[in-house]
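One structure is given below, encoded as structure tokens.
Chain naming here is simple, since letters A, B, ... match the order of the sequence lines and numbering starts at 1 in each.
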Amino acid sequence: MECYLHYNDRDLLSSISAGDQEAYRCLFDRYWERIYAAALALSKSPEISEDITQDVFTMIWEKRATLPAISNLEGFLFISARNLIYDRLRKINVQENYLKYLRNYFEESHREEEAYIYSRDILQQVQKAMGLLSPQQQKAFRLSRLEGLSHEEIAVVMGVSRVTVKSYIVQALALLRKYLPAHVFSLLLLLLPAISLR
Amino acid sequence: MHPDIFTTLLSRYLKDELNAEELERFREALLVEENHELWKKAIDGMLQDNAFPAVNDGDTKERIWQAVNPKASRVGWPRIFRRSMAAAAAVALLISAGIYFYPKPSKKLPEVVAVQPERVILPGSNKAILTLADGSQVTLDSTGTGAIATQGNTHITQLGGGQLAYNVKGGTDAALQFNTLQVPRGGQFRITLADGTKVWLNAASSLRYPASFNGSDRAVELTGEAYFEVATLAEKPFRVKVNNTMVQVLGTSFNIMGYPEEQVTRTTLVEGAIQVKTDRATSRIYPGQLATTQPNGETQIRPDADVDQVVAWKNGYFFFYHEKLPGVMRQIARWYDVDVEYADKIPEEREFGGKIARSSSIDEVIRILKLSNIHVKLTNKKIIVQP
């Protein structure tokens, strides 16, 4: 990043407080990933982590007028991020939807292969259900269940984090479970080799 | 909660290693006020160490930037609405999909009355009967180990886990001494022949072979199904005779299924090269190809055999792909040593696929069949397929 050459933390601080949008972008480039990655590791949800990261930077911009009172920009950023992450974790930690997701997410680490047999009409139902998934969800799901890749390997292939890969898979499973009759859902893993995906 | 316990749970949480119970404990730790400082310290550490793998996700970065960029004109919905709109869209999608794909009401099936089997039916296991050259017989199973017999200079040893091995010690014998390894229904067995060739025999199959190969070729005879890993001996071709088919081998791995009730003989090559000969034709088979020999000697070659499926039995699975019900039931019959009857006409039109562990109990198999709308009744070693 070019901006690394132009600004040290001191310069960044004064430039942002003066309303310099380039300096703000530079701060974002420098720190967004660290905050997002920590939020992701803790929440296990890409959506929530995106929200938290947005909140951190929005807050910095909105409070830019007060920044000159701060001596250590990185320290301030991290404490703000930490408080936002912690508050958000406590909030979502009692939400039924999130807890369901989290339990599924951890189950995904301990899944076992089961055996079934299926017929053609069932195959068509699954094919249609797979069509409901987003291309990213489908891809992660296919690489995991069909190609047998680990979450880490899929993360490399798709250029996203491991947590994001698992979230795609967990969301895909939730959607398929909701849509498919229970007996068909339980056949899912075995049906995949027989159907063509996007 | 002790700080050490918290730290351990957290580090395992970050690596996705918690089981369901630990996850609940970890969640509770988040709600306890005393852990407040522990949590904050842990998050501080994570942010400062930057120890997490790079996300390396340009789309995510761009999305976040668009949301926080002061320059971006905010024409979109405020964030809080955006999320609920996405949820509404997902629900709408599900509803429309539900209407579109609403399952057709199925014809009511006759109740299947669970019948307690009068005899316990178990999955197959390692068992076989070895017939030596003099006609004497040895019963083999999983448990036996040690020397069984000698045939001339060849020593026969049982290795445990359902394996038999032939070893030539000293010079080769003048005369061929034929042995037969017979695997009953509900059995399987492995054998290493005197030349080092390994053979996996499936249920209801048998192999006749010389105790040592001292002729100009290595000829064996098969009934039923076997997987071969033939030891390479260029000067001594390996030949397998099954039904009307002769498979000639130079050093290779392949599967032959030639059960009489399957009508055709199927030879699938995994690696190497083989020739499949009948009195009508000689065909060269390449890896990944499947040769199907008809009773009249005609041979068809399919270039795209699913090798994993063909050898699944050797790896402990039934593996079906576009298999009609009678084919599925014949495999079950051979492994569980049961007979299959059809209460009505044999359903030919439906095709099945899937994978079932051969270690499954018969009840488990029946449950799995039921999921695919195949209803069967089990009475005294007989499976009756209901219409």
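When each of Ile43(B), Leu10(B), Leu23(B), Ile64(B) is scored by its heavy-atom pairs under 4.5 Å with chain A, the top score falls to Ile64(B). Ranked by non-hydrogen atom pairs under 4.5 Å with chain B, the options Leu42(A), Asn83(A), Ile35(A), Val163(A) are led by Leu42(A). Between chain B and the residues Glu74(A), Lys44(A), Arg103(A), Met158(A), the most heavy-atom pairs under 4.5 angstrom are made by Lys44(A). Top candidate by heavy-atom pairs under 4.5 Å with chain A, chosen from Arg27(B), Glu323(B), His36(B), is Arg27(B).
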Q: Step by step, work out the side chain to side chain contact (heavy atoms under 4.5 Å, CB included) result for Lys40(B) and Arg82(A).
A: CA-CA 7 Å; Lys40(B) 293 198 160 174; Arg82(A) 171 253 269 174; 3.5 Å; yes
Q) Should Trp39(B) and Phe26(B) be marked as a ring pair (Phe, Tyr, Trp, His ring centres under 6.0 Å) after you check the CA-CA gap, both sets of side-chain angles, and the distance that decides it? A) CA-CA 11 Å; Trp39(B) 268 100; Phe26(B) 182 71; 5.3 Å; yes
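Residue contact with chain B, scored on non-hydrogen atoms closer than 4.5 Å, is absent for Leu77(A). Contact annotation for Glu24(B): only side-chain heavy atoms (C-beta onward) come within less than 4.5 Å of a heavy atom of chain A.
Separation of atoms CD (Glu22(B)) and CD1 (Ile5(B)) is listed at 11.5 Å; rounding is to 0.5 Å.
Trp65(B) and Phe28(A) have tilted rings, their planes meeting at an angle from 30° to 60° on a 0 to 90° scale.
Residue Arg90(A) qualifies as enclosed at atom CZ: its count of foreign heavy atoms under 6.0 Å is above 12.
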